[in-house]
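Just follow the structure's listing: the first ligand is 1, and inside any ligand the first atom is 1. Since the model is a prediction, treat every value here as computed from it, not as a measurement. Note: hydrogens, waters and symmetry copies are ignored here, and every other heavy atom, side chains too, is used.
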Amino acid sequence: MSYHVLKFGGSNLKKRDDILRIIEVIGKYDTPLVIVVSAFYGVTDMLIEALDRVKTDESAIAPLMDKLLSMKRETLENVLGDDEAVETLYAGIVARTAKLRQYLQGVSFFGDTPDFISDTVLSYGERLSSLMLTSLLRHFGVEAVELIPEALGLITDGEYGNASVDFSRAKPQVKAAIKGKRIVIVPGFYGVSQEGKTTLLGRGGSDYSAAAIARCIDAESLDLFKDVDGFLTGDPRFVDAPRRIEKLSYMESAELSYFGAKILHPRTVEPLREAGIPIRIYNIATVEDLSRPLTTIQKASGIHDDVIKSVTFSDDIGILKLKGAGIGNKPGILSKVSSALDHAGINIKSVITSQTTINILIETAYLASSSQLVRDLELHAVSEIIVEKDISVIAAVGNGIMEKVGLAGRIFTAVSQKGINIEIISVGASPVAAYFIVKRSDRAATIRAIHDEYVK
Ligand code: ASP
Ligand code: MG
């Protein structure tokens with residue numbers, strides 16, 4: 001029988017009402033389910049920070065463990081009151097943290113964190129969430145079983161910190177592991193390398209975990225339960241009365257997520273697109289009828305008149321400008337720069353070139369180090385390196401945006417009529433999105449101008 005895959009965020013697992021709500025939602029399905037969970041809010045960041053401190057200071061282990069455990073205990077008490085089950089379930093949580101403590105002791109002993117240890121330690125937020133949810137569901141009589149990615153055979157390409165699922169290897173194993181089970185709970189955020197080592201699927205990666213599992217088992221759908229009302233046509237902080245978008249194509253949602261919309265991890269659509277498995281988004285607080293998701297992401301339904309579906313933005317971007325006469329035509333420069341950045345683990349968000357400038361878009365946290373790396377390359381063709389901050393990238397997204405003659409130009413005009421100077425414009429890199437870079441101070445006005453004019 002075919003499954004639905006559900007994903008719940010870590011902020012929806014903490015209180016009695018959260019758990020009762022999850023049970024209510026599960027009850028709405030008449031198929032077997034796989035439920036993927038992420039870490040409690042803030043736990044992954046807490047682990048990252050602690051791991052760094054533990055390297056040089058063993059005394060940082062105890063407060064971390066205390067904090068993690070007291071957080072879990074608080075949830076158990078909140079959900080179960082003074083039921084004696086609190087002690088039993090808490091003992092299970094404590095047992096699961098025993099290995100975490102040992103890993104941390106190893107890190108402090110060696111004063112070093114090899115990648116496989118780092119990935120293992122950081123996966124504990126999810127490992128604890130899934131144990132917690134499984135135990136609580138079972139306490140309330142829901143027959144759930146936990147299958148961690150090791151037991152599932154969720155095999156990855158083995159890249160630490162940012163792995164991808166290896167579908168040809170994972171698919172048969174995941175299918176076999178899940179077969180016949182009614183409700184399976186899985187910790188998100190990691191898979192295992194062929195050697196059986198924990199490999200993280202990138203920050204925010206549990207949406208991707210859920211999508212990958214859905215793909216492995218040819219699920220009916222991937223259902224994401226969020227705290228918000230699906231995708232909107234614009235950010236309510238900047239536009240008046242944004243509307244909810246009921247349908248998006250895979251590509252549109254990927255573009256919206258890549259530069260802005262926080263609701264979906266940009267890699268979520270990747271495993272599902274080819275298989276045509278829909279993503280349905282619900283607000284956990286209000287879901288009544290599963291057949292009416294807030295937003296459904298599926299195959300494009302074709303081009304239509306209101307081609308711009310949504311305007312989104314990101315402030316977490318800066319430009320590294322490499323200037324030089326004819327630089328746009330000189331072969332090899334971009335490959336040197338991109339391999340230097342790649343070696344340093346820095347991700348290039350986008351590249352826009354002209355005859356005299358290569359503009360490299362990079363997340364703000366890596367701007368300074370990228371510019372230093374490029375300086376160190378001492379490239380002759382580059383006469384000047386400029387770092388531009390305080391900008392925003394605006395994305396206008398809609399299927400058919402490229403086919404519609406003159407549309408990009410009209411957007412451009414709408415924005416410039418407000419007296420806004422567009423620093424860079426990029427259309428064509430994606431068939432469903434047009435990007436503009438403007439000064440941060442012009443961001444809100446730009447979004448409003450495009451939204452009011454074209455998003456109907
Ligand atoms: N807990 C992980 C993170 O914070 C994964 C996730 O939340 O999806 O990156
Ligand atoms: Mg998340």
Check: Lys7 N/O within less than 3.5 Å of ligand 1 N/O = no

Does anything in residues 269-278 pair up under side chain to side chain donor-acceptor pair (under 3.5 Å), and if so which pairs, sequence neighbours excluded?
-> Arg267-Glu270

Taking only Lys NZ, Arg NE, NH1 and NH2, and the carboxylate oxygens of Asp or Glu, determine whether Arg203 and Asp45 approach each other closer than 4.0 Å.
-> yes

What part of Glu126 sits under 4.0 Å from ligand 1 if we count only heavy atoms: the side chain, the backbone, both or neither?
-> side chain

Could a heavy atom of Gly205 be found less than 4.0 Å from some atom of ligand 1?
-> yes

Contact with ligand 1 for Gly204, non-hydrogen, under 4.0 angstrom = yes

Would you mind running through ligand 1 and noting each atom that sits below 4.0 Å from a heavy atom of Thr44?
-> 1 (N), 2 (C), 3 (C), 4 (O)

In terms of ring plane angle, is the pair Phe238 and Phe313 parallel, tilted or perpendicular, where the classes change at 30° and 60°?
-> perpendicular

Are any of the N or O atoms of Arg203 closer than 3.5 Å to those of ligand 1?
-> yes

What salt bridge (Lys or Arg N to Asp or Glu O under 4.0 Å) pairs are there with at least one residue in residues 141-160, not counting sequence neighbours?
-> Arg96-Glu146, Arg127-Glu150

Between the side chain of Glu252 and the main-chain N/O of Ser249, is any donor-acceptor distance below 3.5 Å?
-> yes

